[in-house]
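Only one structure is covered here, and it is reproduced in the block below.
Numbered from 1 within each chain, the chains take letters A, B, ... in sequence-line order.
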Protein chains: 2
Amino acid sequence: MKIGELAKKLNCTVETIRYYEKIGLIPPSVRDQNNNYRHYNQNHIERLSFVRHCRALAMSHEEILELLTAREQDGASCEKIDLVIDNHLKHVSDRISELQQLEKQLHTLRKQCKTPGANQECGIIQELDSPIDSNIQGLKNSNHVSGSH
Amino acid sequence: MKIGELAKKLNCTVETIRYYEKIGLIPPSVRDQNNNYRHYNQNHIERLSFVRHCRALAMSHEEILELLTAREQDGASCEKIDLVIDNHLKHVSDRISELQQLEKQLHTLRKQCKTPGANQECGIIQELDSPIDSNIQGLKNSNHVSGSH
DNA sequence: TAAACACCCTGAAGTGGCTTTAGGGTCAAG
DNA sequence: CTTGACCCTAAAGCCACTTCAGGGTGTTTA
């Protein structure tokens, strides 16, 4: 299977697949000796499928590598696997809480503009001009609604 | 006021302030002619305070610039301002929904590991190995619980 | 047979919002 | 006169890709 076909099958771009190979998230592809095209076998497909599945669940590459390592340690218990999932789940839950707090604050801010008119009197701008309060300062690590890790 | 004092006052790092100046999010500081140290007046402080307030609400630099521009157009109505806030609020709400969907999926996945034992039989790994289903594919644009935009 | 078009390749740079690193200069206190 | 807190710059690193520039390959159709 060539890279374009694989990309379609797994709903990602060819660039992403080449990138994963480059950083070692998937093993090197086999190359066609004539034209240097990448070719993929069932093993590759399964591995990439696993990775994409994890990414769809918003796991980081680091977390995915931990899962892959844990999986390959035959006979080991799945405690490590559970731990990775639990930790990730906590990241997601925490991020949801943060965003919900943010949502509240934005609703409150939005209501400040009661009487649309000249912007100097806009309650929103007045509010944003005022000193930062401690509630809002609480959300330090958020770069634009992103980054649970 | 020197940069360190300003950073403390606004609860951010000196590096962040220098970075904002570099990318033009705040106007250039006044320099001490002797030692080239940055100095800030009330205008600078208010502007940076505004920017930090917006960032605490997870707005992007682009959104902040839109607000700053709208604010400076004297006499214009605050429709633009409202629009920026409304759009941003929608980003946040949408991201919350996505993360909640993710949270559900992760809970379901976590439950697959009912009987902790040898990892080959771990339901989690089995699930992640299986083909990606269309529900999960729905969350395409998420890079690790981040990026509402 | 040649041109069009879809597909493949590489390496480097760009994205956002900073943070970190490396290598310095300045200034007040002891 | 040295210690330590503060200041400066330019460049690289972070994450997970995406985009760009420039080129090769392979099939199909005029």
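To the nearest angstrom, P of C/dG16 lies 14 Å from NE2 of B/His91. Remark: P of C/dC7 and CD of A/Glu5 are 11 Å apart, rounded to the nearest angstrom. One interatomic measurement links the two molecules: CZ of B/Arg55 to C1' of C/dC18, which rounds to 9 Å at whole-angstrom precision. The interatomic distance linking A/Lys8 (NZ) with C/dC7 (C1') rounds to 10 Å, in whole Å. We find that NZ of A/Lys22 is positioned 16 Å from C1' of C/dC8, with the value rounded to whole Å. Atoms CZ (B/Arg38) and P (C/dG25) sit 18 Å apart, rounded to a whole Å. For A/Tyr40 and C/dC9, the OH to C1' distance is 12 Å, given to the nearest whole Å. Rounded to whole Å, the distance from CD on B/Glu21 to P on D/dC7 is 14 Å.
Between B/Glu98 and B/Arg95 there is a salt bridge, with a side-chain nitrogen of the basic residue lying less than 4.0 Å from a carboxylate oxygen of the acidic one. Look at A/Asp94 and A/Lys90 and you find a salt bridge, because one of the NZ, NE, NH1 or NH2 atoms lies within 4.0 Å of a carboxylate O, short of that distance.
Among all heavy-atom pairs drawn from B/Ile124 and B/Cys113, the shortest one is CD1-CB, 3.7 Å. In plain terms, the two heavy atoms of A/Ile3 and A/Val14 that are nearest each other are CD1-O, 3.7 Å. Of all heavy-atom pairs between B/Glu103 and A/Leu89, the closest is O-CD1, 3.8 Å.
Within the nucleic acid shown, A/Arg18 comes within 4.0 Å of at least one base atom, counting heavy atoms only. Within the nucleic acid shown, B/Ile3 comes within 4.0 Å of sugar-phosphate atoms alone, with no base atom in reach, counting heavy atoms only.
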Restricting to nitrogen or oxygen on both sides, can you table the protein-nucleotides 19-21 of chain C pairs closer than 3.5 Å?
unit_1 : atom_1 : unit_2  : atom_2 : d
C/dT19 : OP2    : B/Thr13 : OG1    : 3.3
C/dT19 : OP2    : B/Thr16 : OG1    : 2.7

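Around atom CD of A/Glu62, no more than 12 heavy atoms belonging to other residues, nucleotides or ligands sit under 6.0 Å away.
Side chain of A/Glu21 to backbone of A/Arg18: no donor-acceptor contact under 3.5 angstrom is found.
Look at A/Tyr20 and you'll find a side-chain N or O under 4.0 angstrom from OP1 or OP2 of D/dC17. In terms of phosphate contacts, A/His39 brings no side-chain nitrogen or oxygen within less than 4.0 Å of OP1 or OP2 of C/dC8.
With the nearest nucleotide of DNA chain C identified for both A/Tyr37 and B/His61, A/Tyr37 has the one nearer the 5' end.
Within residues 25-36 of chain A, the residues that have a heavy atom under 4.0 Å from DNA chain D are, in order of number, A/Asn35.
Taking the six-membered ring where the residue is Trp, A/His61 and A/Tyr20 present perpendicular rings, their angle passing 60° and hence far from 30°.
None of A/Val30, A/Asn36, A/Asn35 except one satisfies the side chain to side chain contact (heavy atoms under 4.5 Å, CB included) rule with A/Asp32; the exception is A/Asn35.
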